[in-house]
Amino acid sequence: MSDKPLRVANVSLSFGTVEVFQNLSVEIEHGEFVAVVGPSGCGKTTLLNLFSQFIKPSSGKVVCAARARMVYQHDSLFPWQTVSENIALGLRHLNDNAERTRQLGDMLRLINLEGFENHYPHQLSGGMRQRVELARALIGDSDILLLDEPFSSLDYLTRIRLRNELARMLDKLPRTVVLVTHDIEEAAQLADRIIVLSDRPARICSELRVDLARPRELTHPAVVTTVHKILAELGLEEETRQAMMSPTS
Amino acid sequence: MDVARGFLEELRTGRLIDDIVASLFRVTTGFGLAALTGIPVGLWLGNHARARVAFLPLINFFRSLSPLAWIPFAILWFGIGDLPTVFLIFMASFFPLVLATVAAVANIPSVYFRVAGDYRFSGTEVLTKVTLPAVAPQVITSLRVTAGLAWLVVVAAEMIAGRAGLGFAIWDARNGLRMDLLVCGMIVIGVIGIVLDRILLQLTKIPSVRWGYER
């Protein structure tokens, strides 16, 4: 028996003739922030879908021993609901109206969106919408946060701001987090552990640990070193060196 | 001046009001029935792929038929008066509404259903809290388009299968060579068409559907 809240053990998964995973095993500890990076199409989001039990593996075991909530890559807020109504989806289990209102107020304060509770998503900026998405997943009784490239549609500066926001939110409301991202900086700035996946069928190339409290400065030596290591694992530093050495015509 | 005099004459005799009421009654009944049945059928077809494959060709077939082609059958089945006109309006509105609703359901981003699953929505909640609000803007737009179509059809249908109504009034004016009353009828029809659209336009101002028009 394992007490890990999230676990895939010897998982294989194929879509038709495309083999995505072959005997992949990943374990996530309680309260850990794990980032998953890898080449495009290697199966990062599929791994998240396995964790959330949205898809079943062809073989192997998937364990999700706690309540998990997902934040999606694209706009997943209900556009016909206000900010409050969207966030309150995460409080559906509560019957006590006063408690719902209190928790909702606390969350709106935490994400700095007081005064926007009656706005609709299309009336907010991309960054504000993403904060509401995080709030909906964080509020209430969730234990695990599954983040599927949550900041990928935002501009660079907003992405950096939202990383700090997420770190601040998790400081107040600790969760076990799995972040799938193509943004290597984001992984290095936020995660305790970074899993680097290979091309399909995906296997774990390496696991990197970052022992540094959040929020982290983007230019902190530990973050920069981790970015270098990830790039090296993905073979991108080598590619760049070769491109620099090749003669130009 | 002749048209204005004709308009006052029609108002004084009360015939214009009677014709407006008759036409509006037929449009609201036929169009209302089409909306009450067409939208649920569209929702059902939108959610059931096999039924969609089976029934969409049939619906497209009937959508392609001009509602006026049904006039002989309408008279044969329902005689002259309200019923054949209501039937023709229904036939003109039902199929476009079904198709528009099916298309709106097909366009709902799948992520909304995933979110509904994450937050454990029941089947009824998925319908009332996801599908319906997600299709509302598109359905409202198609209601506006179809209402215009219904108003076109009522005039044409009343010319042949009516004993009252604005279409019948125009036909009657034409038979009596009263061009003033004919133009008066045309103006009233155009104005009521605009008013009907303005009324339906109010639906687009509901805050929870604004997203469909402002993005």
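Chain A is the first sequence line, chain B the second, and so forth, proteins listed ahead of strands; every chain is numbered from 1.
- Only the side chain of A:S52 has a heavy atom closer than 4.5 Å to any heavy atom of chain B.
- Both the backbone and the side chain of A:R136 come within less than 4.5 Å of a heavy atom in chain B.
- When each of B:L132, B:I206, B:V130 is paired with A:W80, the side chain to side chain contact (heavy atoms under 4.5 Å, CB included) condition holds for B:V130 and for no other.
- Using a 4.5 Å cut-off on side-chain heavy atoms (C-beta onward), B:W211 and A:P121 make no contact.
- Under a cut-off of 6.0 angstrom, the local environment of CZ in A:F15 is crowded, with over 12 non-hydrogen atoms contributed by other residues, nucleotides or ligands.
- Geometrically, B:R114 engages A:F54 in a cation-pi contact defined by less than 6.0 Å to the ring centre and at most 45° from the axis.
- B:E214 places none of its side-chain heavy atoms less than 4.5 Å from the side chain of A:Y120.
- Here the straight-line distance linking atom CG of A:D75 with atom OH of B:Y112 works out to 6.5 Å at 0.5 Å rounding.
- A:S76 and B:V111 get closest at one heavy-atom pair: CB-CG2, 3.6 Å.
- The parts of B:A134 that come within reach of chain A are both its backbone and its side chain, each placing non-hydrogen atoms under 4.5 angstrom from that chain.
- Counting heavy-atom neighbours within 6.0 Å of B:F78 CZ, excluding the residue itself, gives a total above 12.
- Side chains of A:Y72 and B:D118 form a contact here, defined as non-hydrogen atoms less than 4.5 Å apart.
- Contact record, A:R92 with B:K129: NH1-NZ, 4.4 Å, taken as the closest heavy-atom pair.
- Heavy atoms of B:P137 lying under 4.5 Å from chain A are absent altogether.
- Other residues, nucleotides and ligands contribute more than 12 heavy atoms inside 6.0 Å of the CZ atom of B:R52.
- Within a 6.0 Å sphere centred on CG of A:N95, other residues, nucleotides and ligands contribute 12 heavy atoms or fewer.
- Residues B:A116 and A:F78 share a closest heavy-atom pair of N-CZ, 4.4 Å.
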